[in-house]
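So you know, we letter chains A, B, ... as the sequences are listed, proteins then strands, and number each from 1. For clarity, every value in this text was computed on a predicted model and none was experimentally measured.
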Amino acid sequence: MAGNPVIALRRWLSVSPHPRIFSRPMAKSSPRPKKSKPARSAPATRSKSAPRGDGARTRRTRLPDADTVWSMYRKMVEIRSFEEHVWDVYTRGLMPGLAHLYIGEEAVAVGACTALRTDDYITSTHRGHGHCLAKGARLEGMMAEIMGKEAGYCRGKGGSMHIADMSVGNLGANGIVGGSFGIATGAALSAKLRKTDQVAVCFFGDGAANQGILMEAANMAVIWNLPVIYLCENNQYGEHTPFEAVTGVKEIVDRAKGFGMDGERVDGADVLAVLEVIRRAVDKARKGGGPTFVEAVTYRFKGHHVGDAAGYRTKEELAWWMDNKDPIQLLARDMLKAGVATDEQLLAVQEQVEVEVIAAVEFAREAPYPAPEQAFEDVYS
Amino acid sequence: MAGNPVIALRRWLSVSPHPRIFSRPMAKSSPRPKKSKPARSAPATRSKSAPRGDGARTRRTRLPDADTVWSMYRKMVEIRSFEEHVWDVYTRGLMPGLAHLYIGEEAVAVGACTALRTDDYITSTHRGHGHCLAKGARLEGMMAEIMGKEAGYCRGKGGSMHIADMSVGNLGANGIVGGSFGIATGAALSAKLRKTDQVAVCFFGDGAANQGILMEAANMAVIWNLPVIYLCENNQYGEHTPFEAVTGVKEIVDRAKGFGMDGERVDGADVLAVLEVIRRAVDKARKGGGPTFVEAVTYRFKGHHVGDAAGYRTKEELAWWMDNKDPIQLLARDMLKAGVATDEQLLAVQEQVEVEVIAAVEFAREAPYPAPEQAFEDVYS
Amino acid sequence: MTATATAKPTREITFREAICEAMAEEMRRDEAVILIGEDVGKSGGIFKCSEGLWAEFGSNRVIDAPIAEEGYVGLSVGAAMTGMRPIAELMFGDFALLTMDQLVNQAAKIRYMTGGQCKVSLTVRLSMGAGRSSAAQHSQSLHALFAHIPGLKVAIPSCPRDAKGLLKSAIRDDNPVLFFEDKLMYNDLGEVPEQEYLIPLGQADIKRPGSDVTLVATSSMVGLSLEAAEVLAAEGIEAEVVDVRCLYPLDADTIVASAKKTGYAIVIDEGAARYGITGELASVIQERAFDWLDGPVLRIAAADVPIPFSPVLELPTIPDVARVVDAVRSLRG
Amino acid sequence: MTATATAKPTREITFREAICEAMAEEMRRDEAVILIGEDVGKSGGIFKCSEGLWAEFGSNRVIDAPIAEEGYVGLSVGAAMTGMRPIAELMFGDFALLTMDQLVNQAAKIRYMTGGQCKVSLTVRLSMGAGRSSAAQHSQSLHALFAHIPGLKVAIPSCPRDAKGLLKSAIRDDNPVLFFEDKLMYNDLGEVPEQEYLIPLGQADIKRPGSDVTLVATSSMVGLSLEAAEVLAAEGIEAEVVDVRCLYPLDADTIVASAKKTGYAIVIDEGAARYGITGELASVIQERAFDWLDGPVLRIAAADVPIPFSPVLELPTIPDVARVVDAVRSLRG
Ligand SMILES: Cc1ncc(C[n+]2csc(CCOP(=O)(O)OP(=O)(O)O)c2C)c(N)n1
Ligand SMILES: Cc1ncc(C[n+]2csc(CCOP(=O)(O)OP(=O)(O)O)c2C)c(N)n1
Ligand SMILES: [Mg+2]
Ligand SMILES: [Mg+2]
């Protein structure tokens, strides 16, 4: 995205010239790691009847109203563009620390947050930029934080892994994998006790689904009937390790059965499907119907963080997901097909967003660093 | 048991003169605590079709060989007698700390440990006397430990909550509820790596089933196919709290579904049923078939510990379990019915055991305390 | 103020009752205050510290938690970030080890990491102390672990009056506060004002003035030091007993001033000796009072062993009056 | 021994390679040694400390764990009790907070609680240290928490040579040992003997002899102290740099002897200042060398704040050469 936005947009929208028929099997794969041979050295033949959730998209027949669709499209483009600029900023040495990019997973955050009110809560993860933007964070504050500037959301104290924006219910990213299960559940308890009908959405990864506190938090959500949604972004890997190698259930949504909680699995590349599933769960929660567990099947198009060459997965696998499961491409096609958008309009949004993101990068670059003494503030209130 | 052993035995074996038809519902009960009224102020009507596992006993048609039956009978009597003497010792001020008694739950430990080899592992809990004895601990060493004497299994350092006997595979009781999930699983990994075909059984309570490390350990057992059995003793309460009030699943065995593990539920008052279920799980594990989750439905006839008046449960509820679910009474009846035993023989065992336990108490009382300097030994090896 | 007004009316209540009163008063005052823990509800807690609260405030505000310490402490953090003031109770302080990620990685840091965007108004009550033959997993005094962590506050009262006043301050504080209660003190009686009062976090208290040696003590070690002071007084040595009351914020000024005055200091704490409370306090004293000291700052703490079960083993591992008295004698040669 | 025999042949390798070699050698030597951690297998660990081990020893002995630190550390405890010698790796030391129950309530106490019935031959490798803009949850130096716990041993090497020799000893030790590796040192080069060697746990090492002031340092603070010593040498002040190497067992004799010799001591550690390493060591020194000291024992440690992200904020919170030099100057006034 760092290059010509128009070319980039065409890339997103283009139909792959050589549609690939191979990819690794997912739902069908064994939960046991095959230790003798390296995991997934080559993608296996994709079965015709695609596994639910991640296979052939079961497209919504009707789109939501045009405003909603356009705003989701715009937000996904914004996240994509933001992340590509973070990549750029990172590789140019303009930001310290690490950057875990959300590229490829945009539909999960955007679908989910579109189903939320501003005063609803989310908790986010180390891969949190998408969640933050989807919940309403401003580009400047995000980019400034990532570069460690005072104008950042956390005044430079948090960085990429800790962005929070309490003003829009974003309780913060978390550097501890699984660290926010309790927090999201507590926000839900708080909403219930304060009788505000707020709902909390807890984003977490397939890797985090093995942290025990998930069971503890989910159990409390069930027994106290809390308005919380545990939304697992199964992007197939925890760092370098494929989820099947370390996960005892075939589908992560199966964990829900052990909690006594309703569970759903959804194609995480399909923003409309995510919106629908989360809307249902949010409605239920708001009405006092209790928690829901959702597994969104998705994929990160980049490595674990900028700099990770992702040698643990094959080019074919990546290509399959990029060709078939690019959430922006998929929504754009639907919009074109439904006559909600024209090529030019889509392009215009892309160009606007690109301009805004570039402005945010510029803003952040120019913004001053905090004064060193500020390191000693904000410890206590 | 502290009184005349013959009278006590008759008490165990006697058919309740007024068989009760009421008890609280269990498997059917709601997982949500009804906060407005005190939990279980009165037992609800027992449904005719008893819930699986805890209702009308599905008796084994055939008993195992007489030796096995007799040794199980003897061991259950031994545990009962031991615990009643611990009660006595405690209330007479002869032991420090706390004592969590296993009375009423004998069939779980005895059934399970009868399915094990001496070199198989168990991990135990704060309510561990029964597990220890069933796995082969000597009465003297147990009683001496409980009284804090040097002749105790832990040289007086552990006490009631920490008895271990590594010589028979007992890796120890644990004062941390849920503290041994990892340990048992690690012992199973160790057995697998050392190729010894040993199996590990992890005893834990209904309360412990809410500790997150259960999910973490169980998940590893599944992905690495470890020879471990997670044996939940659902005795209906964690301290003062009924399990339904704090547990999101209707039956604790449902947790297994979220781990991708086989699960079974068994009547924990029926030593033959426990033996059968655990034998099956042990065979499977030994042959490389991986872990099993078992829920044994049981009840503690005493309070959480000696001194707990257990005001949180009704007399009716207790009476129902004592009348219908006394594991010793149940096995004795079967033995009588099958002609494996006579009243006199059962009584003789009881008398022998009583003599042995009294001897152990005497031994422990006379045994010397450790020298104070020993407090500073055994920290490091 | 007149002299009569300062001599406020008091009555004798136990440490346990003081704790319970503090919670009840704050719950009445502020709807946001809730209590969560194992068996804290109808049963009133295994140490009976919440007796009556469930009946008064109901199960929405006095919540029986599953046995899942990490989970319910984490949940309390989330509730604290969103407008509640939870008091999370850990029956035995030893169980705090299960909650370290939530307390140290989350509660202690969230305000800072977010650049001051939110408050984590959380109180964690937890017990400490050996002496009950509860063995190694139910006897630890782990306050040093938390005192080491920037972002946390740690209170460690020694008597009913302080317990009540400090706990009320902790509940009103907008930061995570760990509040350590010695199990052996729950039945201790003490004078507690009838009227409402607060004791601010971060003020040490001179429990006994003296001129010859300073005994700096925490929690139950304050009582022990007072006893030792009596013994010493009979020998003509006047010990000043400084009750630390809060490990953070630490009132180093009061402690150091006393050491400067007497020229000798001994620090007494029930946690394990090495890398614990006594090292820090001794070190602060020697750093700031070096030129006033007539001998090294001595330390008395639990032996560096897990706490054993048998009373004959347990006793020699924890501080006693004789050790304090002997230390003073050795110091003053 | 001849002079040539003592000058053993060495080569330069990195800290990371030293760690990896130690593990490889011990795994070759003893089948019971296994490595478990996140991404330690084929991918060789995110810090590349286990590169090559998976290929050599296979996935039965180099085990990729789920992200479940408490669980796999607990599992390692169980394996250690039953004949294995697990090395559990925690990518970032901060994650150790998730495993405190298993390490402190279980691993540290099992031998004692069972009256010596078993050994917990467990090594936990974990990283420490700020300076990488990793922010508050990936930068902590938490060694003080473990050094406080009876039943644990804690090693904290400062250079490749020590890392290798100490890690091999830790793996062979029959007790739980926490082994702290500063992330910023992984690329540091150092001379390491070609032949096999061990360095026993519990021996401090004088990395630079000197007569005027003692700098007692841990991990990366040793390098920092050596730099400071150079600056001071230019001013005519000869600093002795004592590398603590193990927090427990602690070689107090070497440290105290040095302080007695120089009359001045400064303790330098990268953990948070309060209730941490420096308090204990300063306190031990003043206690045992009181009459030899010409000034208070000073302490230099990380500021008592969570570690901030932005480099301009992070830097002022961690010790640097200037602070050490200034402290020495202030001491010698
Ligand atoms: C408690 C904890 N353990 C390990 C890590 C290191 N780590 C950071 S991200 C990550 C992988 C997380 O995988 P997943 O939950 O699937 O999220 P993803 O990165 O795929 O979005 C790991 C192991 C961490 N930050 N926290
Ligand atoms: C981690 C931890 N939390 C709380 C306790 C206090 N405690 C001791 S036993 C117990 C109840 C355990 O219930 P359950 O697992 O059902 O076992 P049971 O006592 O019924 O046999 C509790 C809460 C503890 N020992 N450890
Ligand atoms: Mg993932
Ligand atoms: Mg129970």
Side-chain angles (χ1 to χ4, degrees), chain A residues 33-36 38-39 95-98 126 145-150 152 154-162 174-179 205-214 238-243 245-248 304-305 308 311-312 368-379, chain D residues 36-46 48 54-55 57-72 74 91-92 94-99 101-102 130-140 272 302-318:
Chain A
K34 284 156 217 74
K35 302 254 171 52
S36 45
M95 70 166 278
L98 286 182
H126 58 286
E145 186 58 37
I146 285 169
M147 294 195 205
K149 301 299 181 76
E150 214 213 315
C154 310
R155 308 177 67 207
K157 293 207 168 78
S160 164
M161 265 196 294
H162 302 289
N174 210 310
I176 300 298
V177 169
D206 48 287
N210 292 324
Q211 287 283 29
I213 189 174
L214 166 59
E239 291 198 348
H240 310 168
T241 302
F243 93 93
V246 287
T247 309
H304 175 57
H305 51 64
D308 168 24
Y312 42 83
Y369 283 104
E373 309 82 67
Q374 292 185 14
F376 306 95
E377 297 169 5
D378 296 328
V379 184
Chain D
I36 183 164
E38 289 154 19
D39 294 315
V40 297
K42 193 181 173 197
S43 100
I46 64 153
K48 298 284 165 217
W54 182 84
F57 302 103
S59 51
N60 263 340
R61 294 183 63 198
V62 183
I63 305 173
D64 277 332
I67 307 175
E69 285 82 3
E70 190 187 5
Y72 77 76
M91 231 179 234
F92 286 81
D94 314 68
F95 311 158
L97 293 164
L98 289 151
T99 71
D101 173 56
Q102 291 301 311
R132 297 167 87 241
S133 291
S134 301
Q137 294 174 334
H138 285 74
S139 307
Q140 291 168 91
D304 281 326
V305 303
I307 294 155
F309 166 72
S310 190
V312 299
L313 300 174
E314 188 182 24
L315 264 180
T317 72
I318 45 184

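Using a 4.5 Å heavy-atom threshold, the side chains of Q211(A) and L98(D) count as touching.
The two residues M161(A) and S134(D) come nearest to each other via the heavy atoms CE-O, 4.0 Å. Taking both residues in full, the closest heavy atoms of F376(A) and A303(D) are given as CE2-CB, 3.5 Å, listed atom of the first, atom of the second, then distance. Between V246(A) and D64(D), the shortest heavy-atom distance links the atoms CG1-O, 4.1 Å. Shortest non-hydrogen contact noted between A135(D) and G158(A) is CB-O, 3.5 Å.
Between chain A and the residues R132(D), E314(D), E70(D), E69(D), the most heavy-atom pairs under 4.5 angstrom are made by E69(D). Contact tally against chain D (heavy-atom pairs below 4.5 Å) for Q374(A), K149(A), H162(A): the top residue is H162(A). Each of V177(A), I213(A), I176(A) has some count of heavy-atom pairs under 4.5 Å with chain D, and the biggest count is that of I176(A). Most heavy-atom pairs under 4.5 Å with chain A: of the set G41(D), P306(D), P66(D), this distinction falls to P66(D). Most heavy-atom pairs under 4.5 Å with chain A: of the set P311(D), S310(D), P308(D), this distinction falls to S310(D). Between chain D and the options G97(A), G178(A), P96(A), G148(A), the largest number of non-hydrogen pairs under 4.5 Å is found for P96(A).
Contact of L214(A) with chain D is not made at all, since no heavy-atom distance falls under 4.5 Å. Both the backbone and the side chain of H240(A) come within contact range of chain D, with heavy atoms under 4.5 Å apart. With a 4.5 Å cut-off on non-hydrogen atoms, L97(D) does not touch chain A at all. In this structure, the portion of A371(A) lying under 4.5 Å from any heavy atom of chain D is its backbone and not its side chain. Neither the backbone nor the side chain of D308(A) has a heavy atom closer than 4.5 Å to any heavy atom of chain D.
In this structure, CG on L313(D) lies 9.5 Å from CD on E373(A), to the nearest 0.5 angstrom. For the atom pair CD1 of I67(D) and CG of D206(A), the computed distance is 7.5 Å after rounding to the nearest 0.5 Å. The distance from atom CZ of F309(D) to atom CE of M147(A), rounded to the nearest 0.5 Å, is 10.0 Å. Here the CG-OG1 distance, from D39(D) to T241(A), works out to 3.5 Å after rounding to the nearest 0.5 Å.
Among residues two or more places apart in sequence or in another chain, the ring pair (Phe, Tyr, Trp, His ring centres under 6.0 Å) test is passed with H305(A) by H100(A). In this structure, the ring pair (Phe, Tyr, Trp, His ring centres under 6.0 Å) partners of F92(D), at least two apart in sequence or on a different chain, are F47(D), F95(D), H138(D).
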